[in-house]
Amino acid sequence: MEQKSEVPKPKKFSHEKNKGIPEHVILASGVHNRYWVLDVQDVTSSQSCTEKHLTITCSKTTQSREACILKDGWESTPVAVGDVVHLEGRCVSGLWTIDRDSGFLVLLPDLLISGTSIASSIRCMRRGVLGEMFKAFDGGSKQMLNGTIVHDIFQKAAMSSDFSPERIQTFAAEALRSPNYLGQMYSLKLTQADMRQEVEEYLPSLSEWAKHYVHTSPQAGQKQLTLKLPSDGALSKQDATCSMTVTDFVDIEENIWCPRFGLKGKIDVTAGVRIHRRGRRPTERIVPLELKTGKESNSIEHRSQVILYTLMSSARRCDPEAGFLVYLKTGSLHPVVGNHMDRRELVKIRNSLAHHIGNSLVKVDGRSQMAPLPAIESDKQACKYCPQKRNCALKCIIEHLSHVHLQYFSDWLLLCTLEALTMENKGGRRNIWLQTAQQREKSGGCVGNMQLDRDVSVLSDGVYKHSFVRKEGNQTLTGLIVGDRIVVSDQDSVLIGLATGYVTEITISGLTCSLDKNLSKFSSNTVFRLDQDEGAGGLIFLNCFGTFFTKDTVANILKGLNKPQKQAMKKVLLSKDYTLIVGMPGTGKTTTICTLVRILHACGFSVLLTSYTHSAVDNILLKLNRFKIGFLRLGRAQKVHHDILPFTEESCRAKGIQTLEELEQLYNKELIVATTCMGVKHPIFSRRRFDFCIVDEASQISQPVCLGPLFYAQRFVLVGDHQQLPPIVQNAEARTLGMDESLFKRLEHHSDAVVQLNVQYRMNSAIMSLSNALMYEGQLECGSERTANAVLQLPSRAQVEKELDLYVCQPQYSAWVQAALEPNSPVCFLDTSEVPAPETVEKSGISNHTEAILVQALVTLLLKAGCRASDIGVIAPYRQQLKAISSLLQGDAFKALEVNTVDKYQGRDKSIIIVSFVRSNPEDNLGELLQDWRRLNVAITRAKHKLLMLGSAPTLRRYAPLEKLLCHLQQEDMISFTSGKKRPLPNIFFLFSFSDQ
DNA sequence: GCTCTGCAGAGAGGA
């Protein structure tokens with residue numbers, strides 16, 4: 001993937017980027033300033049020093065401009081026109097000066113970079129950049145796990161202010177049987193005894209450390225340390241000798257997102273300390289302690305980490321100026337002072353890293369490509385143990401990768417990077433600190449003004465249940481829904497990212513959630529904001545380019561299947577590598593998969609069962625469960641279907657798993673393991689392999705995600721239908737470059753691996769014929785006479801028609817209603833063009849009010865005619881239209897009725913489907929959604945007995961797929977007009993009064 | 001031009 005030097009180095013993108021400030025960029029002045037760089041000049045000053053002069057603005061109109069001079073080393077900052085920067089220091093009448101002694105320039109400050117990332121970039125920038133691009137997949141080591149556990153023990157002791165050997169023993173024993181660490185031991189093939197031995201070596205020095213430094217100990221504060229704080233000014237060396245005692249443990253694992261310096265990180269221990277120096281009054285500070293279990297190296301990397309933590313702390317509270325490295329192997333303490341020089345150099349390294357990460361793409365001739373990585377360091381020593389060495393020199397090291405494979409890798413790297421960028425610009429975490437809670441609440445995805453309600457309760461190790469209520473009464477909470485991931489910050493966005501977790505319950509006045517930190521230490525007056533967390537965005541780029549034949553049973557299982565389904569079974573069993581099952585709409589994909597799993601299970605094969613969504617996975621499991629087939633379901637309990645909960649790892653563990661053997665047993669017990677494609681980070685996959693992997697809804701999954709689970713199986717089966725919707729890709733360029741091609745589609749032309757399910761049991765023959773004409777070229781068949789001839793049952797239809805006659809004296813006005821209700825014409829397109837029914841285009845989306853009213857009318861009539869609300873589904877391509885329709889369908893009678901987007905209806909069906917196509921305008925204003933054949937195909941294949949479509953035929957004819965559909969409908973005489981000659985209103989009013997009765 | 005699901009994740013040592 002290394003781009004060679006032929007690739008032109010990106011010059012200044014001034015002409016490219018200067019076209020105006022993009023909409024998603026937010027600028028500000030003040031402490032949390034954000035400036036847009038308008039111009040960059042390299043200047044040689046009178047003392048023949050080079051400087052960089054920036055012209056900057058913090059207003060989007062670019063009217064008020066300021067200047068910034070970078071010198072004394074800052075001039076080498078890789079800042080370019082169109083970058084966003086944050087400035088620290090002094091500004092005198094519109095001129096910032098960043099020099100040796102004061103000021104910082106933080107490049108792309110909303111790109112938060114972790115302390116460890118910066119520390120690892122000190123020796124090699126390329127390593128830091130690669131580390132941000134690829135999360136290592138190495139799985140860790142015994143030493144690392146030991147480190148984590150010893151940290152945990154120290155932190156628990158700190159929080160309980162008890163470092164007695166007995167207490168520490170208890171914490172150690174708890175940690176050694178905690179679920180999380182057992183999982184890691186399983187991955188690393190370590191035993192609990194191994195781990196116990198490793199951990200126990202450290203325990204005495206924990207108590208020892210506390211004896212010397214915690215203020216409750218009589219021996220505290222006797223050890224001499226060397227500490228010279230910046231605020232001391234010039235002092236003699238003698239004066240720098242001091243002693244330190246910890247007076248208070250303020251926090252553990254304090255999570256800091258620091259957008260002033262563009263940093264993030266977790267501080268092991270935040271402690272209140274008292275520093276005693278000879279001849280001075282003791283000073284009190286709150287400082288970061290960084291724990292280390294490895295060698296007492298006092299290395300640049302370790303010290304840099306501490307200095308960065310002091311900088312992050314300074315943005316939250318009084319500048320600690322110093323922090324401490326605690327080496328737990330020996331129990332010794334090293335003070336680390338963060339003077340301006342060190343901080344300056346680290347911020348520069350951060351900027352360099354941010355520059356590379358923030359400019360990972362360059363445009364060449366209008367097309368995006370990956371920017372070159374920083375140069376390779378030729379330090380053999382450093383490279384030898386570098387965790388990124390495989391990614392660093394991919395081409396050289398992995399010789400078995402052919403050109404095609406490398407090309408595939410680099411293509412997808414580009415696509416994923418493009419997509420990540422778009423997702424970051426759209427949502428992204430930076431809105432938490434760039435927008436006030438009120439601003440963000442308007443656009444949804446945030447609730448502010450929240451206060452802690454009841455006491456915090458512990459749900460499990462590291463999971464805390466919190467209840468919040470609105471400070472001002474009962475304003476309804478609209479922004480969040482149950483299951484959302486959230487980030488908790490203080491209302492004023494000073495303490496950002498205090499905790500993360502999930503919404504578990506929403507009431508009228510408040511909300512309950514599970515969080516990773518206990519916030520009870522905040523006073524009951526503290527006001528919080530809860531922001532929906534879209535996550536860091538982008539796809540994880542999975543870095544892993546690394547028989548009992550019980551004939552009777554199988555025969556029995558095969559019995560209920562139709563011919564193509566049987567063929568599918570045979571194909572899978574005989575396959576060497578993979579099989580694709582093309583399941584057309586209603587052909588029983590879930591049943592087929594369920595049967596396939598039962599057969600494979602009966603044959604003694606192990607199966608990894610996956611799909612993109614939790615609900616798709618659970619759909620199959622619900623069916624499987626009826627046959628009493630055992631399985632293990634991995635994944636967050638909150639996302640799993642209620643009836644499947646007993647089979648989750650979490651509930652199995654709750655029955656009591658304390659030893660590694662029990663955990664191994666749980667992981668190995670079932671032949672069938674089910675999870676989502678993204679769930680493959682689970683420890684089980686570091687060891688278990690499967691005979692088969694089945695991926696459901698595979699045509700909706702992007703390639704990198706779909707590949708994930710396939711690495712753990714000998715053979716795989718992809719089930720999907722490429723005539724249905726493809727994976728969602730937000731970035732337009734990535735889409736045109738083919739990112740929405742699923743693996744299913746890519747492999748589909750290998751026709752010998754494909755088997756088609758074309759016998760369907762959903763639609764009656766009239767509805768089926770639409771899809772056959774449009775997409776399947778007549779291949780789709782009805783499974784039985786019963787399916788083919790099934791029509792809508794309307795017990796009270798006669799009564800309704802009688803009333804219609806009574807209320808509408810002119811029959812031509814109610815003709816279309818009669819057509820819509822007629823069970824024997826299952827397909828009916830209602831052309832609204834003569835009504836007319838124009839669309840409404842708003843920022844929030846597109847809707848069509850008249851169509852919404854017509855939907856309401858139809859639903860009302862259908863219910864009146866004896867239809868159950870749960871048998872009716874309303875579909876529209878646009879969210880805004882769903883809102884319009886739902887607001888008209890309020891009330892208990894409509895409760896069971898489902899209103900949803902086309903996309904959400906995929907994989908589902910209803911007896912009656914009403915589709916509102918929305919678009920209706922005289923211009924050539926089309927939009928993308930309805931241009932997609934597959935979306936239309938999904939929309940028209942959801943109904944079992946009756947398909948009602950509403951739309952303006954003249955507008956819709958401008959969309960190629962709809963033109964074809966309308967042509968077919970016309971031939972079949974399936975179109976009727978919603979009114980006679982431009983007089984629809986009496987009808988509509990009539991319907992209103994009718995529904996109000 | 002308006003369709004949306006998944007993800008914890010920063011740091012745990014080694015030289």
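Quick caveat: nothing in here was measured; it's all calculated off a predicted structure. Note on naming: letters A, B, ... go to the chains in the order of the sequence lines (proteins, then strands), and numbering restarts at 1 for each one.
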Pairing string of DNA chain B (Watson-Crick or G-U wobble, both atom distances under 3.5 Å; | = paired to other strand) is ...............
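- Take Thr270(A) and apply the side chain to side chain donor-acceptor pair (under 3.5 Å) test, not counting sequence neighbours, and it matches Glu254(A).
- Residues meeting the salt bridge (charged side-chain N to carboxylate O under 4.0 Å, His left out) test with Lys639(A), sequence neighbours left out: none.
- With dG11(B), dG1(B), dG6(B) as the candidates, the nucleotide lying closest to the side chain of Ser114(A) is dG11(B).
- Between the CD atom in Gln184(A) and the CG atom in Leu188(A) there is a gap of 7.0 Å [rounded to 0.5 Å].
- For Lys904(A), counting side-chain heavy atoms from C-beta on, the closest listed nucleotide (dG11(B), dG14(B), dT5(B)) is dT5(B).
- Among the nucleotides dG13(B), dA10(B), dC2(B), the one closest to the side chain of Arg919(A) is dC2(B).
- In this structure, Asn146(A) has no side chain to side chain donor-acceptor pair (under 3.5 Å) partners at least two apart in sequence or on a different chain.
- At a threshold of 4.0 angstrom between heavy atoms, the contacts of Asp932(A) with the nucleic acid are absent.
- The side chain of Tyr502(A) lies closest to dA8(B) when the candidates are dA10(B), dA8(B), dA12(B).
- Counting only heavy atoms from C-beta on, Glu928(A) has its side chain closest to dG1(B) among dA12(B), dG1(B), dG6(B).
- No engagement by Gly845(A) is indicated, since no non-hydrogen atom pair under 4.0 Å with the nucleic acid exists.
- With distances taken from any side-chain atom of Thr901(A) to the nucleotides dG14(B), dT3(B), dT5(B), the minimum falls on dT3(B).
- Among residue pairs with one or both ends in residues 695-704 of chain A, none qualify as salt bridge (Lys or Arg N to Asp or Glu O under 4.0 Å); sequence neighbours excluded.
- Annotation: cation-pi geometry not satisfied between Arg350(A) and Phe261(A) (NZ/CZ under 6.0 angstrom from ring centroid, within 45° of ring axis).
- Within the structure, the salt bridge (Lys or Arg N to Asp or Glu O under 4.0 Å) test picks out the following pairs touching residues 294-308 of chain A (sequence neighbours left out): Arg123(A)-Glu301(A).
- When distances run from any side-chain atom of Arg485(A) to the nucleotides dT5(B), dA8(B), dT3(B), the shortest one goes to dA8(B).
- With sequence neighbours excluded, the residues forming a side chain to side chain contact (heavy atoms under 4.5 Å, CB included) with His24(A) are Pro22(A), Asn425(A), Arg430(A), listed by chain and number.
- In this structure, Glu290(A) reaches the sugar-phosphate backbone alone: every heavy-atom distance under 4.0 Å involves primed, P, OP1 or OP2 atoms, never a base.
- Residue contacts for Arg879(A): at a heavy-atom cut-off of 4.0 Å it reaches the sugar-phosphate backbone alone, with no base atom in range.
- The nucleotide whose nearest atom lies closest to any side-chain atom of Thr676(A) is, among dG11(B), dG1(B), dG6(B), dG6(B).
- Near DNA chain B, meaning a heavy atom under 4.0 Å from it, residues 723-733 of chain A has Ile728(A), Gln730(A) in order of number.
- Taking Tyr186(A) as the reference, Tyr667(A) meet the ring-ring contact (aromatic ring centres under 6.0 Å, His included) condition, with sequence neighbours excluded.
- Among the nucleotides dC2(B), dG6(B), dA12(B), the one closest to the side chain of Met423(A) is dG6(B).
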